[in-house]
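What follows is a short report on a single structure.
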Amino acid sequence: MDPSYLDILNPEQRKAVLHEGLDGRDRPGGPWKNLTARRPLLILAGAGSGKTRVITTKIAYLIRERGVDPRSIMAVTFTNKAAREMAARARLIENRASAAMIRTFHSFGAWFLRRHAALAGLDSGFVIYDDDDMVSLLGTVMEDASKAELRETAALIARAKDFFLSPEDPELDRISCHDRFRKNYAKYEEKLQKIGNVDFGDLIQKPLKLLEDNPDLARRFHDRFTVIMVDEYQDSNAAQFKLLSRMAGGPETYLCVVGDDDQSIYRFRGADVKNILRFSDHFPGTEIIRLERNYRSFSQILALASSVVDHNCGRLGKTLRAERGAGKLPTLAFLANQDEEAAFCAELVERSVRTGKAKGYSDWAILYRTNAQSLGFETELLHRSIPYKVVGSLKFYQREEIKDALALLALLLNPRDEVAFRRIINKPARGIGAVALDRILKALYGASPSGGGLVDIAKELSLSAKAAAGIKSFAAVMDRAAAVLGGASPPPYRDPPIRYGEGLSACVGSLIIDSALAEYHGFHDEINGLQRIGNLQELVDASSNYKGGREGLVEFMEHIELDRSIDADAENHDSVTLITLHNTKGLEFPRVIITGLEQGVFPRDDKTGDDLEEERRLFYVGATRAMEELYLCSCTFRRVYGRTSPMPPSLFLYEADKTMLEVIGQAPAGFGKSPRQPWRGREQGVFAFGSPSGGAGLKMSSDKRWKQGDRIFHDDQGYGAVIDITEGDDGPVILVRFDNGQEKRFLSFHQSGNYMKIGAGD
DNA sequence: TAGTTTTAAGTTTTT
DNA sequence: CTTAAAACTA
């Protein structure tokens, strides 16, 4: 093959591809192996500067020109979509790239953990718990907690794991300084370990621990993976950084990361921009290459996007040059309400396709802040028969019937899965109530922990006749399913409610029927006119793409757990893309509409400080997806909770460079002038620190704890200072002396950024 | 006690 | 307008 794939690169891109970290000794032709330490490479790549092209080309180049074994190359990203695209594009240049390890961080973690499961005290068929499963499990250790409380604790545990903090870690106070949280976290961990499953955080944590505790394993790892690349590095969190450092710690490992600090949008799940800002401090000798030529967007789109993100403080700052012409001025449309907004979008799409200005529906993407907003657009597009696809809506796997079916499968893989067992053991009713369930679980976690599964344990107990019969029939169901998984043919059914075919679907389909789940949900369908059987059928159909047997089932489950998007065959269909702003990262579209640019929606009202900066970056990410045309929509009224209320335009619209916008529709009075904070929180009882203490690096720890003398602001009382802190049942209670002389106590329960919401104390 | 009806509460963003 | 918790009925 000719090296023309290198010719299309610009000088900086080419430099990044050819870089080998050998101080001028980058000699194509020489051997890649047998070398001492290589300098790491940090590629600071602005939006649309071709960073995916650089990474994929580099992978291909290493394999083809430098004789690197594809199996020794690892490339990780943070989203499934990005991983898929990277793998596809690398393979397009060099077919052997398909043997490279191109995955998301979490998917790699799962792969690694399954291969060394025994070392981590796990079975290789472990199930990955999602957020809902975490909440369910927490519910079993926090007896009288409300759902909201459980959700909050689950989120905190996930955050703790993002920072690689164990329940014992003194630094855990950074997440929450409640002693109760520490205890619940510890109990949760203990139970998860006993069950033998993992959560998302464990997919990073546990591989890291394995590498730390097993020098032998680490050595073998370093022998295998000599090239490690990370895309979207600005979205890595502390745990991922630690894992990466460990993985790249081999004597020969070459590390190359790519990212853009302006596109860091995952702070809420622990991502830390500092990882990229301080990369060269952690990896001495790092070489930095900047990609600052934007090939994607017309310059006026870029100018608009930049004018907003320029309002951020903590950034490296870069000069992104547009290589394309000026193009059409971005349009800002003020619409009456969200129905008008949907109609406006549909109209734009329809007209452009009809007049031939757009190549097709797939030219278009409609972007929104929250998944809930997709509904209005779906309705409108459906009504007008405009084809569309919704990216990343996870509704399907949230459905009751689907979760039930997955619980059955999870139990098949891990018979000790308490969460799954609880979910389906009495569904449909098998006479196993709270009493029986309690006894079974006591036996599982009892003094002499048995190695058997929950069903086996239950069979040994002397339960009530009704419960014993229920267990017996359920055990038979699971045994038959295990046999089918092992290759036996499923029991015969006449007129089955679910059809199943080859591969894994024989097991999945027959289990759903055999367990009477199909019958159960079919009944509900008839009563309530639902589509549950149809959904179950869809799940069974999806499973037919996997080979039968335990391996296939593990693969199927893992795919569902790690990648809940369902865009498999919609790829080549010509349709409009409906997508959240977060999900657009790494994608591009000729025509983009950013919707819901209203204060309270985007950005949300409670965003301040660093969180507000993140929303601004989110706007930047969304706007820079557009190649040719960009539209912004803002509604003057919006229905929220069923009630219609007036919406002020988004702060970002005030910040945007108006010379880069063509405004259409009725702009609210006052728009265009300098804003007098129309977006200020109307909420009562909102606190703000007068001056956030501590430098940026210590922000988290200093924010999470009250100190005497902290200045605060209260909507009713004005400015004041914390004069005393006591530990209450529900967390710290602060005594505040306001400047007006009043003293009041407050119970703090939630805090984010520089603001603190408080509930009235005694 | 299980399943259904009534009433109250409450929207991020993803692996 | 949807979803979770409380109240209610069979």
Report the distance from atom [atom1] of [X] to atom [atom2] of [N], rounded to the nearest whole Å.
X: A:E400; N: C:dA4; atom1: CD; atom2: C1'; value: 14 Å
X: A:I265; N: B:dT15; atom1: CD1; atom2: C1'; value: 13 Å
X: A:Q338; N: C:dC1; atom1: CD; atom2: C1'; value: 10 Å
X: A:R103; N: B:dT14; atom1: CZ; atom2: P; value: 22 Å
X: A:R84; N: B:dT14; atom1: CZ; atom2: P; value: 14 Å
X: A:K161; N: B:dT14; atom1: NZ; atom2: P; value: 21 Å
X: A:L437; N: B:dT1; atom1: CG; atom2: C1'; value: 14 Å
X: A:N583; N: B:dT13; atom1: CG; atom2: P; value: 10 Å

Does anything in residues 133-158 of chain A pair up under ring pair (Phe, Tyr, Trp, His ring centres under 6.0 Å), and if so which pairs, sequence neighbours excluded? none
Which letters describe nucleotides 5-10 of chain C, given B = protein heavy atom under 4.0 Å from base, S = only from sugar-phosphate, - = neither? S-----
Using atom C1' of each nucleotide, how far apart are C:dA5 and B:dT12 to the nearest Å? 23 Å
Within 45° cone of A:Y641 ring axis and under 6.0 Å: A:R643 NZ or CZ: no
So what does A:D130 touch, heavy atoms closer than 4.0 Å: a base, only the sugar-phosphate, or nothing? nothing
Name the nucleic acid region contacted by A:F78, choosing base, sugar-phosphate or nothing; use a 4.0 angstrom heavy-atom cut-off, strictly under. sugar-phosphate
If the condition is side-chain contact (heavy atoms from CB on, under 4.5 Å), which residues does [X] pass it with, not counting sequence neighbours?
X: A:V601; answer: A:Q373, A:E598, A:R638, A:M647
X: A:A82; answer: A:T77, A:T79
X: A:K51; answer: A:A45, A:D231, A:E232, A:V258
X: A:D261; answer: A:V273, A:I276, A:L277, A:R315, A:L316, A:K318

Close N/O contacts between protein and nucleotides 5-12 of chain B (under 3.5 Å):
unit_1, atom_1, unit_2, atom_2, d
B:dT12, O2, A:R369, NH1, 3.1
B:dT12, O2, A:R369, NH2, 2.4
B:dT12, N3, A:K607, NZ, 3.1
B:dT12, O4, A:K607, NZ, 3.2

Pair A:D611 + A:R604, salt bridge at N-O below 4.0 Å: no
Pairing residues for [X] by the side chain to side chain donor-acceptor pair (under 3.5 Å) criterion, not counting sequence neighbours:
X: A:S107; answer: A:R103
X: A:Y185; answer: none
X: A:T580; answer: A:N583
X: A:S166; answer: A:E168

Between A:L562 and A:G431, the residue closer to the 5' end of DNA chain B by nearest nucleotide is A:G431
Per the ring-ring contact (aromatic ring centres under 6.0 Å, His included) rule, which among A:F268, A:F619, A:F602, A:F78 passes with A:H582? A:F268
Dot-bracket assigned to DNA chain B with the 3.5 Å Watson-Crick/G-U criterion, [ ] for crossing and | for other-strand pairs, is ||||||||||.....
